[in-house]
Engineer: 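I'd like to ask you about the structure that follows.
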Amino acid sequence: MSRTLQTSPTTGTEVKSPGRWLALSVLVLAVLLVAVDATVLGLATPSLSEDLKPSGTQLLWIGDIYSFVIAGLLVSMGSLGDRIGRKKLLLIGATAFGAVSVLNAYATSPEMMIVARALLGVAGATLMPSTLALIRNIFHDPKERSLAIGIWGATASAGAAVGPVVGGALLQHFYWGSVFLINLPVMAVLVLVGIKLLPESKNPVAGPWDLVSVGLSLVGVIGVVYAVKEVASHGLTWEVGLAAVVGAAALYAFVRRQHTLTAPLLDMRLFKHRGFSGAVLADLLTVFGLSGLVFFLSQFLQLVQGRDPLEAGLAELPAAIGAVVTGLIAGRYARRFSVRTVVTGGLGAIGLALAAITLVHKETGYPLLGAALLVVGLGAGFSFTVTADVILSSVPKEQAGSASAVSETAYELGAALGIALLGSIVTGVYQGFTAPASVPADVAAAAHDSLGGAFEASAGLDPATADGLVSTAQDAFVDGLNIAAGVGAAVLLATAAAAWFLLKGQRLEDGIEH
């Protein structure tokens, strides 16, 4: 049962086995867990803030370091899977993911939490490219592969949206660390079942794994994304400038090095293909819009509108529903109409939904929020699934790990930037509010760290003063959310226009000539 394809003794051709769909179910389990972990912390933020007392900057790092590290290591891990075997890497990563989840659950300080989240990112980076690469090698029929990628994409998109629901259900009854402990039984099932069901595959002529390239990609991605986050939040300083220069230099050196290696971690020639580059860009910005919206609406629903964690998580469920529905039919529609029509439509839908969030205020009713989340999910399911299919079908199956890593890097970098850039705008606007004159200076300073901090700082004040401080802080947070949503809408709508031209003539059945 560990083989999904068998060879006919009479014809020598490959015969499909029902085991390939069971194998897909194991891969989907891994994708679901990694995607959930990218957003599950959103609803736990208030509880975590009260317990660990992080600063506003530390809180952002706790939220996005997981995605930063994954983004920095995905290309390296995808290439490693091509070399040592994708199944082997997946099972090793799943075991590590479960073990590090315990460290996250019992973190006792903001610094420990940041380190634990970073280690979880290292483990997560081994999972995502392995899952998509195995799909490329398990499903050889293009239409079957499109459906498999649709299921994979629906799970990835929905997982990010389901994260708040899972978090809300757990936080209703347990402490915030439970959002990590839930990983243990899931990873145990994945490892035990994956050993039996998953076929092994790798590139027999992949060459050595270049550790210098691994280091350059990690330093480059984290350096650049850190600089983006800090500029948006605190302006340009010499430290931020240094991070940007070091990151950009590392990425430049990485690209140059790939051109000189006989066995590069990433074949840079792929990006010369207009459709491939367009798919990567659309992939990144689809998740940028989805993750940014889900992360900050979680805080809005709890800290501004006063919903409990489970209610807030259920309120975000339309995004998951939309992503699942369109993810499953995206490949069919892309063949019936065109790749660029489906991807452009998906990006445009996310942009319009973000534009609607600019109208949100403290008393906004759920119909507007629910409709915006549903449209974001529908758009993400279309765009993300089709772009992943385009990227994966662009390379021979021997290079599936590297191609998968490109798609996953776009996914994780989009999630990181969505939280970092849009979050930094929210934080920057929020920190500019003026506290009521009756609030002591030290309390006002604490309230400016984060909205959760404002609630905690107000606890020692008299009721009238506390209400005034919290209300002012909530207004500032909503102002920041409106502005961030406007920026996100502009980015997504511009990307939709670019995708229309970049994906012209692209078809799911077409591959890149090598």
Engineer: What is the distance from atom OH of Y333 to atom OG1 of T326, rounded to the nearest 0.5 Å?
Structural biologist: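 Reported to 0.5 Å precision, the distance equals 10.5 Å.
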Engineer: Would you confirm whether Y430, through its side chain, and A473, through its main-chain N or O, come within 3.5 Å as a donor-acceptor pair?
Structural biologist: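 Between the backbone of A473 and the side chain of Y430 there is no qualifying donor-acceptor contact (under 3.5 Å).
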Engineer: I need the minimum non-hydrogen distance between V186 and I182, along with the two atoms involved.
Structural biologist: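 Of all heavy-atom pairs spanning V186 and I182, the closest is CG2-O, 3.6 Å.
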Engineer: Measure the shortest side-chain to side-chain distance between I62 and P54 over non-hydrogen atoms and say whether it is less than 4.5 angstrom.
Structural biologist: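 Of all side-chain heavy-atom pairs linking P54 with I62, at least one is under 4.5 Å.
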Engineer: With the side chain counted from C-beta on, respond yes when F433 and D475 share a heavy-atom pair under 4.5 Å apart, and no when they do not.
Structural biologist: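 The answer is no, as the side chains (C-beta and beyond) never meet within the 4.5 Å cut-off.
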Engineer: For a side-chain contact (heavy atoms from CB on, under 4.5 Å) check, start with the C-alpha distance between L251 and V224, then their side-chain angles and the critical distance, and finish with the verdict.
Structural biologist: CA-CA 9 Å; L251 290 178; V224 169; 3.9 Å; yes
Engineer: List in chain and number order the residues that pass side-chain contact (heavy atoms from CB on, under 4.5 Å) with S217, two or more places apart in sequence or in another chain; answer none if no residue qualifies.
Structural biologist: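 So S217 forms a side-chain contact (heavy atoms from CB on, under 4.5 Å) with S76, F254.
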Engineer: Of the non-hydrogen atoms in A353 and A372, which two are nearest, and what is the gap between them?
Structural biologist: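 A353 and A372 have their closest heavy atoms at CB-O, 3.4 Å.
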Engineer: Are any side-chain N or O atoms of Q474 and backbone N or O atoms of L303, one a donor and one an acceptor, separated by less than 3.5 Å?
Structural biologist: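 A pair under 3.5 Å: yes.
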Engineer: Given R307 and Y366, is the side-chain contact (heavy atoms from CB on, under 4.5 Å) satisfied, shown in steps?
Structural biologist: CA-CA 11 Å; R307 302 174 192 265; Y366 182 70; 4.1 Å; yes
Engineer: Output the distance between atom CD1 (I321) and atom CG (L373), rounded to the nearest 0.5 Å.
Structural biologist: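 One finds 10.5 Å between CD1 of I321 and CG of L373.
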Engineer: If you count every heavy atom of other residues, nucleotides or ligands that lies below 6.0 Å from F174 atom CZ, does the total exceed 12?
Structural biologist: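 Atom CZ in F174 is not packed in, count stays at 12 or less.
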Engineer: Are any of the side-chain heavy atoms of V375 and I350 separated by less than 4.5 Å?
Structural biologist: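 No, too far: nothing below the 4.5 Å cut-off.
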Engineer: What are the two closest heavy atoms between A279 and V390, and how far apart are they?
Structural biologist: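 Where A279 meets V390 most closely, the heavy atoms are CB-CG1, 3.9 Å.
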Engineer: Is it the case that the side chain of T385 and the backbone of F382 share a donor-acceptor pair, with hydrogens and angles ignored and the cut-off at 3.5 Å?
Structural biologist: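 No, because the side chain of T385 does not come within donor-acceptor range (under 3.5 Å) of the backbone of F382.
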Engineer: Given 3.5 Å as the limit, does a donor-acceptor pair link the side chain of N104 with the main chain of A116, or not?
Structural biologist: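 Checking the backbone N and O of A116 against the side chain of N104, a donor-acceptor pair under 3.5 Å is found.
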Engineer: For residues A315 and L301, report the shortest heavy-atom separation together with the two atoms involved.
Structural biologist: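 Of all heavy-atom pairs spanning A315 and L301, the closest is CB-CD1, 3.9 Å.
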Engineer: Within this structure, what is the OG-CE distance for the pair S101 and M187, rounded to the nearest 0.5 Å?
Structural biologist: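 Spacing of OG (S101) from CE (M187) equals 7.0 Å.
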Engineer: Grab the two heavy atoms, one from K362 and one from V304, that are nearest each other, plus how far apart they are.
Structural biologist: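 Heavy atoms of K362 and V304 come nearest at CG-CG1, 3.5 Å.
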Engineer: Any side-chain to backbone donor/acceptor pair from R340 onto K504? Under 3.5 Å, distance only.
Structural biologist: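 Between the backbone of K504 and the side chain of R340 there is no qualifying donor-acceptor contact (under 3.5 Å).
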Engineer: Any heavy-atom pair between the side chains of L369 and F300 that's under 4.5 Å?
Structural biologist: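 A side-chain contact under 4.5 Å exists here.
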Engineer: Answer yes or no: is there a donor N or O on one side and an acceptor on the other, between the side chain of T364 and the main chain of H361, under 3.5 Å?
Structural biologist: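 Yes.
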Engineer: Examine distances only and state if a side-chain atom of E311 and a backbone atom of Q302 form a donor-acceptor pair shorter than 3.5 Å.
Structural biologist: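 Flag not set: sc E311 to bb Q302 has no pair under 3.5 Å.
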Engineer: Check whether any side-chain N or O of S338 sits under 3.5 Å from a backbone N or O of T341 as a donor-acceptor pair, and report yes or no.
Structural biologist: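 Side chain of S338 to backbone of T341: a pair is present.
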Engineer: State the CZ-OG1 distance between F97 and T126, to the nearest 0.5 angstrom.
Structural biologist: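 Nearest 0.5 Å value for the CZ-OG1 distance: 9.0 Å.
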Engineer: If you apply the rule side-chain contact (heavy atoms from CB on, under 4.5 Å), what do you find for V69 with I65, and how did you get there?
Structural biologist: CA-CA 6 Å; V69 173; I65 190 64; 4.1 Å; yes
Engineer: For V343 and A499, which heavy atoms make the closest approach, and how far apart are they?
Structural biologist: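 Closest approach of V343 to A499, heavy atoms only: CG1-CB, 4.4 Å.
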Engineer: Would you find a donor on one side and an acceptor on the other, under 3.5 Å apart, between the side chain of T358 and the backbone of A355?
Structural biologist: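 Checking the backbone N and O of A355 against the side chain of T358, a donor-acceptor pair under 3.5 Å is found.
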Engineer: Considering only residues two or more places apart or on different chains, which pairs with a residue in residues 478-493 satisfy side chain to side chain donor-acceptor pair (under 3.5 Å)?
Structural biologist: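 Qualifying pairs: none.
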Engineer: side-chain contact (heavy atoms from CB on, under 4.5 Å) between T387 and V280: does it pass, once the steps are laid out?
Structural biologist: CA-CA 7 Å; T387 54; V280 171; over 6 Å; no
Engineer: Do L24 and V28 come within less than 4.5 Å of each other through their side chains, counting heavy atoms only?
Structural biologist: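 Yes, at least one pair of side-chain atoms sits under 4.5 Å.
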Engineer: Enter the distance from L422:CG to L354:CG here, rounded to the nearest 0.5 Å.
Structural biologist: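 It is 7.5 Å, given to the nearest 0.5 Å.
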Engineer: Give, for atom CG of L285 and atom CG of L493, the distance between the pair rounded to the nearest 0.5 Å.
Structural biologist: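 Spacing of CG (L285) from CG (L493) equals 11.5 Å.
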